[in-house]
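The analysis underlying the following values was restricted to heavy atoms, covering all of them including side chains, and did not include hydrogens, waters or symmetry mates.
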Amino acid sequence: MALSRNLLAVLVLILVAALTVTGYSLYQEKKQPDGIEISVGKNGLSIKEK
């Protein structure tokens, strides 16, 4: 019984860690970078501050 309880605790910790890493990864992916954006299009060169 103690082994199954320990195994369950380990599985829950692994699941929480995986969700934390996934959430942080998605947060970093969606976060806007700081600085400026330089683009070249039909209207010429465009520089925008973020």
N/O donor-acceptor pair under 3.5 Å between Thr22 side chain and Ala18 backbone: yes
Note, Val10 side chain near Asn6 side chain (heavy atom, < 4.5 Å):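 Not touching, per the 4.5 Å side-chain cut-off.
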Connected via hydrophobic side-chain network under 4.5 Å: Val40 and Ile36: yes
Flag if over 12 foreign heavy atoms under 6.0 Å of CD, Glu49: no
Point-to-point distance, once rounded to the nearest 0.5 Å, from CG of Leu19 to CD1 of Ile14: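 That separation rounds to 12.0 Å.
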Point-to-point distance, once rounded to the nearest 0.5 Å, from OG of Ser39 to CD1 of Ile47: 9.0 Å
